[in-house]
Amino acid sequence: MTLDKTFDPAAIEAKWYQHWESTGAFRPERPDAVPFTIVNPPPNVTGSLHIGHALDNTLQDIVIRYERLRGKDALWVVGTDHAGIATQMVVERQMAERQQKRTDFTRDDFVAKVWEWKEESGGTITGQLRRLGCSMDWSREQFTMDPHFSKAVIKVFVDLYNEGLIYRDKRLVNWDPGLKTAISDLEVETREINGKFWHFRYPLEDGSGYISVATTRPETMLADMAVAVNPADERYAHLVGKNVRLPITGRLIPIVTDEHADPELGSGAVKITPGHDFNDFEVGKRAGFKPADMLNMLDAEARVVQTADGLIPQDYIGIDRFDARKRVVEAIDAAGLLEKVEDRVIQTPFGDRSAQIIEPWLTDQWYVDAKTLAQPAIEAVRSGAIEVVPKSWEKTYFNWMENIQPWCVSRQLWWGHRIPAWYGPSIENPEEIIVFVAEREDEAVSNAVSYYHASWQEGDAMSFSIYQSEAEYRTDSAKDHGPSNEEFEAETGLTIPDDAQVHLQPDSTKIWGIWRDPDVLDTWFSSALWPFATLGWPLDNPPPSGEGDHLKDGGGARAASAQPGDVSLKPTVPLHHASHGPPPRSGEDLLTRHYPNDLLISGFDILFFWDARMAMQGLHFMKDVPWRRLYLHGLVRAADGSKMSKSKGNTVDPLGLIDQYGADALRFFMAAMESQGRDIKMDESRVAGYRNFATKLWNAARFCEFNGIGASGSVAAPTAELAVNRWIIGEVVETLAALDKAMADLRFDAAANIVYHFVWDRFCDWYLELVKPTLSSITIAPLTIFINPVSDERRTEVLESVEHQTEKAVAHENARAEIRLVAGWVFDQILLMLHPFMPFITEELWHATGTRANDLILAQWPEPGVEVDEVAADEIGYAINVIDLVRSTRTEAGIPPSAKIELQISGNEELLVAAMQVLQAHST
RNA sequence: GGGCGUAUAGCUCAGUGGUAGAGCACUGUGUUGACAUCGCAGGGGCCGGGAGUUCAACUCUCUCUACGCCCACCA
């Protein structure tokens, strides 16, 4: 096989990727090897590869390929995330283009449409990861809404609930009026906007004057419930306990004391709106208001609604919050109560997805007791059970973990894991709601039936139904009968427990029923389980077992996922009945072998979102850390240092870079630029530089090919006599050691540069140049034939000459043979060292040079088995110095390169001859 | 308000208690035999400012300045 004159990355990339995947190269069978595990941060299923993915995945692939080459059982778990809000937004946007909206559909129909979109676009990013050369275990590709994964999510919710670590609470949440859902603290971005600071005068009830309050959100005064002053503020001491008559609503509210009021700020008195401000909520509670009694004046879309006391004037009802703001200010002004208006920069909360201003809103939501779960996660880092790289992130981690707030996990969406909670009316007071949390609907029904049965008395008639919503239950009347026991069981596939002895009769007088919580869980609640739920947790619940499958059809066992019906109400069917054939690795083995994962690589931007939550959930459910090391990398920024964003239009498409320079070049760029903890500024010329590096390697391979240099055939270093060979072998040994050190420290830049400079500077520029004359000069053959020797003396002379020439020729041939052997071995080592960084070209060259070809990825990291030859290193170092000196002297002296130079040099003759030949090769 | 990070060659970045490095760019030069996506030679930096420790500081300490990021309830 002859290498093409020019290196064309595109020609080899697709070919080799397909080959790897179809031969199972990414997961060779190594049952006895040391396991090594990385889970890939699951990208959004409908997303596409951006430059940050390229960085993140390149780093992971380098590590996983490196460990695989070293003989480990390297598993790289891959899959995608359902990305609740993001995906639902995409689908809703598509609907909007067709003048449709989510509520035009039933929930099931809408969710089915999202599944359709997932099926349609879900392969985009996985295809792009393949183009990057990522060697994930595709045969086990997973999705966060696969049945087995969903089951794990639900189990975690139920277990945490039963342990009291998940609870339902009525408090202020960050409400996104654009998406109409609650979001967590982390999903809120604070931005500065130019606003105003309005100073209002609130008239005292007794007509004795006013008290001034200042606000940046005047509209909330419609739901004010108090005015607070600092207890130490003597200016207002005489007013405490008096009432204020609110303008517009006429509501009578008290003046209270609270530390929250800052005497330095504004007038020192502050209006309190407990239902619409986080601070005021706390003040309100201290002032004795119960959350349930706090006034709410906004609906889900942040339009004004009537408060419970009915005091908001009718013409405010239904208008937008910003219109309400204008109208309130106008009204206050018209009443002569507007003291002054100041311009002010306001820290304003925005939804990170919707870019809408977040509204604190009083609702019932599910919360995770993050504070409790955080403790072991803090301890794990403190004790070193988790090593954070770079270490400087530890402080940030501790800071956040130690001040962690309850985590709101319920989302008012349709796409996601529906919360496994069912509600029903309390027996004592049907207006109150009680909760049944269960992994499956039949369990919830069973529990509910038992509960309601407790109120059943001999002779009672009672009906029990499953409703779609609370509203449906409330509007059910006694005349609207529940089903009979038999109908109920037939309809739901559930069994009413015998001991419940529920009588379901058409003429029931007591109507009971339950309905499921309509909300879904925060996406990060589920992805937090990624390190163990992908490995078969809980154990009766195996993930896709790709073992062997990919050898047959190349597709793996992913068909089990993605059934639209799996998402909602139907109980999940355990999969273990479905799997058949010999299970080479049981779920238990997988989980035991690969948990804890060895390493997690993620961007620091998801340290709180994902990494911290994995640590919490992993420690809680697995009683062990999710990973032993956590490597955090920075962001890839635009060339000018700004953050890349679609809206700015300054994004760089990694696929475009791959098209232009090849995947290997892009990967090498990412590695070479990744210095711990620092952002990477995009520098395309550098990508081009690494494309050139690949070309250089390609041409070196061609040189080897032309000169009969092929595979070494051995992993061990060949024995060598020539100094130049002993030297380069020593250089390989040192390079390998340096590379191992860099990889152990996760210094990707150092690792890449070590290999780069060995290949280019040492191997190409010196070694190949030094051996070139020996390889290319024509052997002086002892074939001179003397026809008429004039004398015996002359005859002897000739014979001796022939003998001498023969010896020289033999020596020369031996030298060439040794060079071929050593050069072939060195080149093999180069391909090995480079393979994690540049998998495509190394695979191609390995194959093309006829060496171990397909065994590449099965090869074990070589042990050179030799010491560095210091003598040879000194000799070659001397020769290199001499050549350098001569070259620079020649340039300085203005001697043209064409002039021959005679050198008087003492030292190793063989070397100096080689050195002179190199000089001459460049001189004539 | 708290925390973190960064300031080194024109650009993008490594780096070590002891005469400063890489890639790109730049200058000169060289193409019939691996490679012009290249070779060879070369120019270019008071290593942000100041103070301190030390025989010696780009490297350690303090401080100042500039920029960036994260967290935080200032109405």
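Note: hydrogens, waters and symmetry copies are ignored here, and every other heavy atom, side chains too, is used. Worth saying up front: this structure is predicted, and the values here are computed from it rather than measured.
Following rounding to the nearest Å, A:I358 (CD1) and B:A72 (P) show an atom-to-atom distance of 14 Å. The separation between A:L265 atom CG and B:C74 atom P is 11 Å, rounded to whole Å.
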Residues 259-270 of chain A, side-chain donor-acceptor partners within the protein, below 3.5 Å, at least two apart:
| unit_1 | atom_1 | unit_2 | atom_2 | d |
| --- | --- | --- | --- | --- |
| A:D262 | OD1 | A:E264 | N | 2.9 |
| A:S267 | OG | A:S212 | O | 2.5 |
| A:S267 | OG | A:A269 | N | 3.2 |

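Closest-nucleotide positions on RNA chain B for A:R686 and A:T216 were compared, and the one nearer the 5' end corresponds to A:R686. For A:K681 and A:S392, each mapped to the nucleotide of RNA chain B holding its nearest heavy atom, the one lying further toward the 5' end belongs to A:S392.
Residue A:G662 is out of contact with every strand shown, counting any heavy-atom pair closer than 4.0 Å. Base engagement by A:H260 is indicated by at least one non-hydrogen atom pair under 4.0 Å involving a base atom. Residue A:D280 is out of contact with every strand shown, counting any heavy-atom pair closer than 4.0 Å. Nucleic acid contact class of A:F197 (heavy atoms, under 4.0 Å, all strands): base. Heavy atoms of A:C764 sit under 4.0 angstrom from at least one base atom.
Checking B:C71, B:G39, B:A75 against the side-chain heavy atoms of A:W760 singles out B:G39 as nearest. Distances from the side chain of A:K643 to the nucleotides B:C70, B:C13, B:G23 place B:C70 closest.
When the side-chain nitrogen and oxygen atoms of A:K5 are compared with OP1 and OP2 of B:C35, one or more of them lie within a distance under 4.0 Å. Remark: A:K395 is not in phosphate contact with B:G3, judged by side-chain N or O atoms under 4.0 Å from OP1 or OP2. Not one side-chain nitrogen or oxygen of A:K696 sits closer than 4.0 Å to the OP1 or OP2 atom of B:C38. For B:G15, neither phosphate oxygen OP1 nor OP2 lies less than 4.0 angstrom from any side-chain nitrogen or oxygen of A:R678. Between A:S675 and B:A14 there is a side-chain N or O to OP1 or OP2 distance below 4.0 Å. In terms of phosphate contacts, A:W766 brings no side-chain nitrogen or oxygen within less than 4.0 Å of OP1 or OP2 of B:C40. Contact annotation: A:N403 does not reach the phosphate of B:A72 (side-chain N/O to OP1 or OP2, under 4.0 Å).
Between B:G44 and B:G10, the two P atoms lie 11 Å apart (nearest whole Å). Remark: the separation of the P atoms in B:A66 and B:G49 is 15 Å, to the nearest Å. With P as the reference atom, B:G21 and B:C26 are 23 Å apart, rounded to whole Å. Here the separation of B:G50 from B:G15, taken at their P atoms, is 24 Å to the nearest Å.
In the model, A:S642 has a side-chain atom that pairs as donor or acceptor with a side-chain atom of A:N650 under 3.5 Å.
On a pure distance criterion of 3.5 Å, a polar donor-acceptor pair joins the side chain of A:E769 and the base of B:A34.
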* To do: Please lay out, stage by stage, how A:D233 and A:Y236 fare under the test side-chain contact (heavy atoms from CB on, under 4.5 Å).
  => CA-CA 6 Å; A:D233 195 336; A:Y236 297 112; 3.6 Å; yes
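A:L295 contributes atom CG, which lies 9.0 Å from atom OG1 of A:T249 (distance to the nearest 0.5 angstrom).
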